[in-house]
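Naming: A, B, ... by sequence-line order, numbering from 1 per chain. The analysis underlying the following values was restricted to heavy atoms, covering all of them including side chains, and did not include hydrogens, waters or symmetry mates.
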Amino acid sequence: MGNADLRDLASIRDVPFAELEGSVVAVDAHNWLYRYLTTTVKWTSDEKYTTADGVEVANLVGVVQGLPKFFEHDLIPVMVFDGAVTDLKADEVAERREKREAAEERKAAAEERGDAVEAARLEARTQRLTDTIQETTRELLERLDVPVVEAPAEGEAQCARMAAAGTVDHAGSEDYDTLLFGAPTTLRQLTSKGDPELMDLAATLEDLGLDRQGLVDVAMLCGTDFNEGVRGIGPKTAVKAVTEHGDLWGVLDARDAEIPNAEAIRELFMDPPATKVAIDTDVNPDVPAAREYVVDEWGVAADEVERGFERIAESQVQTGLDRWT
DNA sequence: CATCGGTA
DNA sequence: TACCGATGG
């Protein structure tokens with residue numbers, strides 16, 4: 001499950017926002033939202049982002065605080081939602097559930113002994129995107145006129161294929177799967193401060209002397225979301241081995257190793273389920289409607305979102321003027 | 001997910 | 001060079 005190994009292999013460089021102006025980015029919505037649910041909620045009380053009915057609304061705050069970054073830099077976000085969980089990922093999902101349950105137990109224990117800080121920290125690990133969260137996020141995005149895409153399966157894959165097809169300029173995600181799914185470029189760190197990072201597929205392949213299939217094979221040897229890696233093989237060894245033995249099968253033969261479902265996983269990375277879509281990039285947020293939804297309909301404290309809405313409105317004025325000059 | 005200290 | 005467990009974000 002360690003695909004952080006890919007960071008060592010990928011060609012990544014910082015790019016100033018100025019170089020990205022006008023770009024359309026297919027953002028993995030789950031990934032993006034998750035950052036806000038773990039960071040925004042983390043150090044605050046549960047009640048603050050929960051309605052009287054116990055409905056989680058931190059996502060709404062996250063969206064309002066997170067989107068201005070795109071608008072202010074003249075980037076057009078396309079939010080891509082996950083579809084069905086891939087069968088192959090069943091193991092991984094089960095593993096996550098176990099981790100989550102373990103974290104929930106520890107959190108309960110922390111609460112028991114009155115350790116609020118520890119409990120809050122663990123809370124972050126037990127968060128997940130409920131149906132309500134997905135639904136209210138979509139409703140808000142609709143009011144902000146942000147394009148939304150439903151992926152047939154992995155959101156990451158859909159983002160990557162949209163980038164590969166030229167439907168968007170870049171994929172946007174914090175992790176590395178988009179590289180394996182074939183995104184020519186992926187923007188990372190769109191949520192944090194400072195300039196984003198651009199992960200470049202062609203440059204990566206050039207550096208490693210591999211083709212895309214070779215890169216997928218390397219990743220599979222190191223371990224991906226869908227398979228355990230081969231014991232004793234890390235990024236360096238994997239590149240050397242694939243170069244030497246030609247492909248995944250050659251390496252597995254030589255080492256007398258096996259990867260369950262290797263054929264299917266390899267195919268999944270090379271040609272993942274994704275749908276062709278057209279994106280309307282003429283985005284005109286209806287800020288009053290969005291504010292009404294968040295504040296009046298869901299009861300989020302106005303001061304939590306006011307600044308975000310202001311920033312969105314201001315950036316619209318800006319780009320509106322730009323269009324006439 | 002990133003980083004780190006420590007081990008094999 | 002890889003693996004592991006811990007930890008902060």
Side-chain angles (χ1 to χ4, degrees), chain A residues 1-14 27-44 49 58-59 61-62 65-66 69 82 89 92-93 95-96 98-100 102-107 109-110 115-129 154-156 159-160 171-181 183 186-199 204 207-208 217-244 251-252 254-255 257 259:
Chain A
M1 47 161 203
N3 71 344
D5 286 337
L6 275 175
R7 191 176 225 298
D8 297 334
L9 301 175
S11 168
I12 297 173
R13 67 173 194 274
D14 287 349
V27 179
D28 178 24
H30 179 106
N31 192 278
W32 186 77
L33 255 182
Y34 195 82
R35 289 195 78 78
Y36 285 103
L37 287 191
T38 54
T39 56
T40 310
V41 172
K42 194 168 179 179
W43 301 113
T44 48
Y49 297 110
N59 58 308
V61 178
Q65 290 181 357
K69 188 131 200 163
D82 287 310
K89 218 169 182 176
E92 167 76 3
V93 169
E95 195 175 320
R96 279 187 199 167
E98 279 170 25
K99 277 186 183 164
R100 194 171 64 229
E104 267 160 8
E105 277 177 29
R106 285 203 290 155
K107 183 194 159 204
D115 188 343
V117 175
E118 175 70 356
R121 204 175 64 79
L122 291 168
E123 170 70 18
R125 304 196 176 174
T126 64
Q127 282 298 322
R128 54 203 141 142
L129 300 188
E154 307 283 314
E156 302 264 58
C159 292
S173 175
E174 297 313 306
D175 43 45
Y176 305 96
D177 285 359
T178 49
L179 192 68
L180 302 180
F181 284 126
T186 301
L187 293 177
R188 309 181 71 252
Q189 323 241 283
L190 286 169
T191 54
S192 27
K193 303 211 184 299
D195 286 333
E197 286 181 346
L198 186 139
M199 176 162 65
T204 301
D207 286 351
L208 302 176
D217 288 353
V218 163
M220 287 180 65
L221 289 166
C222 297
T224 72
D225 278 355
F226 305 95
N227 70 280
E228 293 278 316
V230 173
R231 202 175 165 80
I233 299 190
K236 303 276 187 188
T237 312
V239 171
K240 204 176 299 179
V242 169
T243 303
E244 191 177 325
V251 178
L252 292 179
R255 297 209 168 216
I259 293 176

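The side chain of A/Thr237 lies closest to C/dT1 when the candidates are B/dC1, B/dA2, C/dT1. The A/Asp175 side chain lies nearest to B/dC1 when the options are B/dA2, C/dA2, B/dC1.
In this structure, A/Arg7 atom CZ and B/dC1 atom C1' are separated by 10 Å, rounded to whole Å. Here C/dG9 presents its P atom at 17 Å from CD of A/Glu174, a figure rounded to the nearest Å. Atoms NZ (A/Lys236) and C1' (C/dC3) sit 16 Å apart, rounded to a whole Å. If you measure from atom CG of A/Asn31 to atom P of B/dC1, you get 8 Å, rounded to the nearest angstrom. As rounded to whole Å, 15 Å separates atom C1' of C/dT1 from atom CG of A/Leu221. Atom CG in A/Asp5 sits about 13 Å away from atom P in C/dT1, given to the nearest Å. Computed from coordinates, the A/Asp8 CG to C/dA2 P distance equals 9 Å when rounded to whole Å. Atom CD in A/Glu197 sits roughly 8 Å away from atom P in B/dA2 (whole-Å rounding).
Nearest heavy atoms, A/Thr178 versus A/Ala171: CG2-CB, 4.1 Å. Of all non-hydrogen atoms in A/Ala238 and A/Cys222, the two that sit nearest each other are CB-SG, 3.8 Å. When every heavy atom of A/Ala219 is checked against every heavy atom of A/Leu6, the shortest pair comes out as CB-CD2, 4.2 Å.
A/Arg231 has a side-chain polar atom (N or O) that falls below the 4.0 Å cut-off from OP1 or OP2 of C/dC4. Between A/Tyr34 and the phosphate of C/dG9, there is no side-chain N or O to OP1/OP2 separation shorter than 4.0 Å.
Neither side chain, A/Thr204 nor A/Asp207, offers a donor N or O lying under 3.5 Å from an acceptor on the other.
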